[in-house]
Amino acid sequence: MTTTQQPSLAWLDDVTMTELERNPYPVYERLRAEAPLAFVPVLGAYVASTAEICREVATSDSFEAIIPPAGGRTFGHPAIIGVNGDVHADLRSMVEPALQPMEVDRYVDDLVRPIARTYLEKFEDAGKAELVADFCEPVSVRSLGDLLGLESVDSETLRRWFAQLNRSFTNAAVDENGEFANPEGFVEGDQAKAEIRAVVDPLIDEWITNPGDSAISHWLHDGMPEGETRDRDYIYPTIYVYLLGAMQEPGHGAASTLAGLFTKPEQLEEVVDDPTLIPRAVSEGMRWTSPIWSATARISKEPVTLAGHDLPAGTVILQSYGSANHDTGLYDAPSEFDLHRPPLPHLAFGAGNHACAGIYYANHVMRIALEELLEAIPNLERDTSEDVEFWGWGFRGPTTLHATWEV
Amino acid sequence: MPRVSVGSSSVEAPPGQSVLESLLRAGVWMPSSCNQGTCGTCKVTVLSGSVDHRDSPLETLPAEQRDAGLALACQSHPTCDVEVTPAGPTSARAGEARTHPLRDLTATITGIEDVARDTRKVLLALPEPLAFSAGQCVELEVPRTGERRQFSLANTATEDRVLELHVRLVEGGAATERWLFADAACGDEVRVTGPLGDFRAPEPEADDGGPMVLLGGGTGLAPLLGIVRTALERHPDREAVLYHGVRHAADLYDRERLVDLENRFAGFRFVPVLSREETRAYRTGYVTEAFLADVSSARGWTGWLCGSPALFESGAAAFKRRRMAPRLIHREKFTAAPATSSLTSPLTSTGA
Ligand code: HEM
Ligand code: FES
């Protein structure tokens with residue numbers, strides 16, 4: 001087994017996945033202080049934990065993308081997050097048209113606002129709700145589901161799929177031989193994929209002959225010679241990328257923003273009184289608890305010196321954007337949610353040519369969801385009889401968020 | 001060094017820094033996400049001056065958008081002083097308010113009347129009509145002092161020839177004790193500047209006739225009179241409740257006018273509330289308490305608050321408690337005189 005290079009980093013040998021999933025911050029805080037680029041045995045890879053190194057790796061010509069092993073096992077090839085060159089360019093050109101700012105401006109309000117209203121109507125007069133399951137996640141999956149052409153799949157199923165894919169994608173632990181430590185952890189991901197194919201295959205059949213307005217129909221046809229479509233096996237890995245991250249993260253982001261605001265009731269009040277502060281709150285929410293905490297990676301194309309390490313070609317580095325966003329070199333008291341902290345750019349959407357393709361769309365989904373929530377329930381408060389727990393290392397957000405209000 | 005301005009902030013733009021960077025480094029918030037020109041979150045409209053778009057990608061900022069004055073804050077650099085405003089869709093707000101041109105006029109006092117204890121109604125005739133929205137205010141030049149004071153208008157927009165102000169005596173006040181409650185007389189000329197303020201009745205097309213509640217403390221009644229009469233004339237069947245909070249019965253005024261309004265509009269209710277006097281004729285307590293007691297849900301209502309800072313706080317909290325959407329809550333901080341509302345009583349708990 002490859003252990004840490006320096007004896008002083010022997011503590012890293014004892015780090016477990018369970019510990020990281022429960023709360024990755026203490027380990028990464030120590031990494032940032034002692035070894036901002038370090039080999040972490042349980043992850044079987046190097047980890048970049050500071051903003052500077054994450055940004056350098058993401059934008060350096062000496063690195064390209066690679067999907068982390070458990071992710072590759074879950075999504076297969078060619079997933080947009082793990083390919084480079086022409087294939088990556090083609091997949092970006094496939095997903096980008098629906099996500100371009102001008103295009104998003106055209107549809108996002110009409111898409112998301114009625115969905116947010118529909119879910120609010122179910123509980124706004126109840127005086128209490130669990131905002132993750134009742135609101136943030138359903139609004140996120142229903143909006144993207146309708147955009148993709150998955151109107152026929154109910155929101156509960158979309159939520160279950162992303163959760164199963166998530167646990168499979170982040171089943172990252174490896175043993176001393178670098179083999180997956182929990183191979184059975186991939187089973188639920190495989191089951192989700194089988195279900196997805198059973199639902200999406202017939203839709204693809206239909207869209208091949210009758211192109212529709214849905215995003216996936218466009219993925220099949222756009223940029224292809226007349227009469228040809230992209231092969232379904234070529235687009236499925238990227239469909240899985242969407243059905244995990246793109247479905248899950250706006251929900252995570254909205255819920256984390258609310259959880260953050262609940263830690264500062266006077267800031268929640270400010271945002272309620274002035275909804276134009278919502279984008280700023282969302283931005284801070286995603287810095288505070290980055291939804292894609294550590295799920296993407298890069299690999300060196302050539303020998304490279306980075307943060308004092310001489311790395312051979314083929315070295316995999318896991319990008320820990322959630323840690324980079326708590327870098328004390330940039331942020332005072334980073335573990336505190338603070339709407340008014342100096343507004344520096346964060347790395348919650350990654351960087352470089354693999355940066356998130358859905359930034360603009362996601363920001364507006366979260367904005368509209370929170371606008372509607374706080375408009376309908378301006379007297380929203382955290383239900384202090386319930387705890388707020390966060391979970392996740394690869395992807396992170398509150399597991400539940402109980403709220404109350406007077407009706 | 002060029003400067004970059006957005007809203008009320010203006011910062012220096014050192015060479016080599018993008019518009020976004022200059023703003024963020026100076027602590028001024030601007031929507032942004034990728035910082036590399038690809039997401040479009042930082043798109044701004046250049047209101048004045050010009051920018052160099054540098055590496056802004058055409059996919060994010062097509063030529064026609066550049067021609068239309070848009071720019072990416074994270075990529076563009078100012079070439080001179082520039083003023084920008086975020087261009088993305090922000091909160092949907094119905095009916096952007098029209099601005100009426102600010103004017104300087106010389107008015108003539110045509111009425112000064114005691115209407116309640118330490119309270120006067122002052123009428124000012126204008127040489128020509130003034131365009132304003134109900135709820136706005138004007139600034140008067142206090143003779144001999146060069147000082148200026150703002151007073152809310154009690155008028156509707158069609159009452160544009162004679163302005164009606166409600167004035168409460170302030171001890172030692174240059175505008176009140178030493179002028180409007182002293183030697184001011186009919187026939188005197190007064191220099192008036194207006195209209196001012198964003199506390200105003202919505203534009204007709206943005207007014208859907210929905211229910212409304214108005215809480216006024218003391219002479220904070222004035223702009224509410226203009227607003228509620230405008231609202232009722234537009235939609236005679238609408239539901240509207242006006243709470244007027246004062247300390248004692250002797251502080252009440254304009255009751256006949258409000259009762260007359262109740263008689264003409266079935267959906268309108270006027271509720272005077274006394275905070276320091278118990279009587280058979282009037283409610284006792286605070287306007288926010290009265291509202292909370294009377295209205296179990298204010299969802300979809302608009303709310304109007306004019307009075308002391310305590311009234312805004314407790315009024316806005318009470319409105320939200322009854323689930324009124326915050327963007328439908330309008331507040332006018334009293335500018336004319338220190339608060340004299342019902343909410344300064346030591347007996348008060350502000351009801352929130
Ligand atoms: C708050 C919500 C979201 C967050 C925080 C987020 C964050 C991220 C991050 C950190 C990456 C990896 C970047 C890197 O490795 O440098 C990524 C990739 C990606 N995201 Fe998002 N994302 C969100 C929502 C979405 C949505 C809603 C969509 C689509 C509708 C989307 C589409 C993508 C795509 C296609 C990629 C792969 C880009 C590539 O490898 O070229 N994301 N996202
Ligand atoms: S911040 Fe993304 S384009 Fe400027």
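The figures that follow rest on heavy atoms only: side chains count, while hydrogens, waters and symmetry mates do not.
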Assert yes or no for the condition that the ring centre distance of A/H88 to A/H354 is strictly below 6.0 Å. yes
Interchain contact, A/L347 with chain B, by part (heavy-atom threshold 4.5 Å): neither
Bottom line for B/S297: the part with an atom under 4.5 Å from chain A's heavy atoms is neither
B/Q65 versus chain A, the contacting section by heavy-atom distance below 4.5 Å: side chain
If you count heavy-atom pairs within less than 4.5 Å of chain B, which of A/G352, A/S283, A/G350 leads? A/G352
Proximity of B/F319 and B/F291 rings by center, below 6.0 Å: yes
Heavy-atom proximity to chain A below 4.5 Å, by part of B/R323: both
Could you check which of A/E96, A/H346, A/E269 has the highest count of heavy-atom pairs closer than 4.5 Å to chain B? A/E269
Inspect the surroundings of CG in A/D125 and state if more than 12 heavy atoms from other residues, nucleotides or ligands are less than 6.0 Å away. yes
Among A/L380, A/N379, A/I368, the residue with the most heavy-atom pairs under 4.5 Å to chain B is A/N379
Between A/V272 and A/E270, is the side chain to side chain contact (heavy atoms under 4.5 Å, CB included) condition met? List the steps. CA-CA 5 Å; A/V272 167; A/E270 266 182 78; over 6 Å; no
Can you tell me how the ring of A/W288 sits relative to the ring of A/F337, calling it parallel under 30°, perpendicular over 60° and tilted otherwise? perpendicular
In terms of side-chain geometry, is the basic nitrogen of B/D207 or B/R238 positioned less than 4.0 Å from the acidic oxygen of its partner? yes
May I ask you to decide whether A/E284 forms a salt bridge with A/R341, counting only side-chain N to carboxylate O separations under 4.0 Å? yes
Given that the side chain runs from C-beta out, which part of A/E124 has a heavy atom under 4.5 Å from chain B: side chain, backbone, both or neither? both
Counting only heavy atoms closer than 4.5 Å, note whether A/E406 contacts chain B via side chain, backbone, both or neither. both
Is chain A contacted by the side chain of B/M30, its backbone, both, or neither, given a heavy-atom distance below 4.5 Å? neither
Taking NZ, NE, NH1 and NH2 as the nitrogens, is one of them in A/D273 or B/R327 under 4.0 Å from a carboxylate oxygen of the other? no
With only heavy atoms counted, which part of A/P342 is less than 4.5 Å from chain B, the side chain, the backbone, both or neither? neither
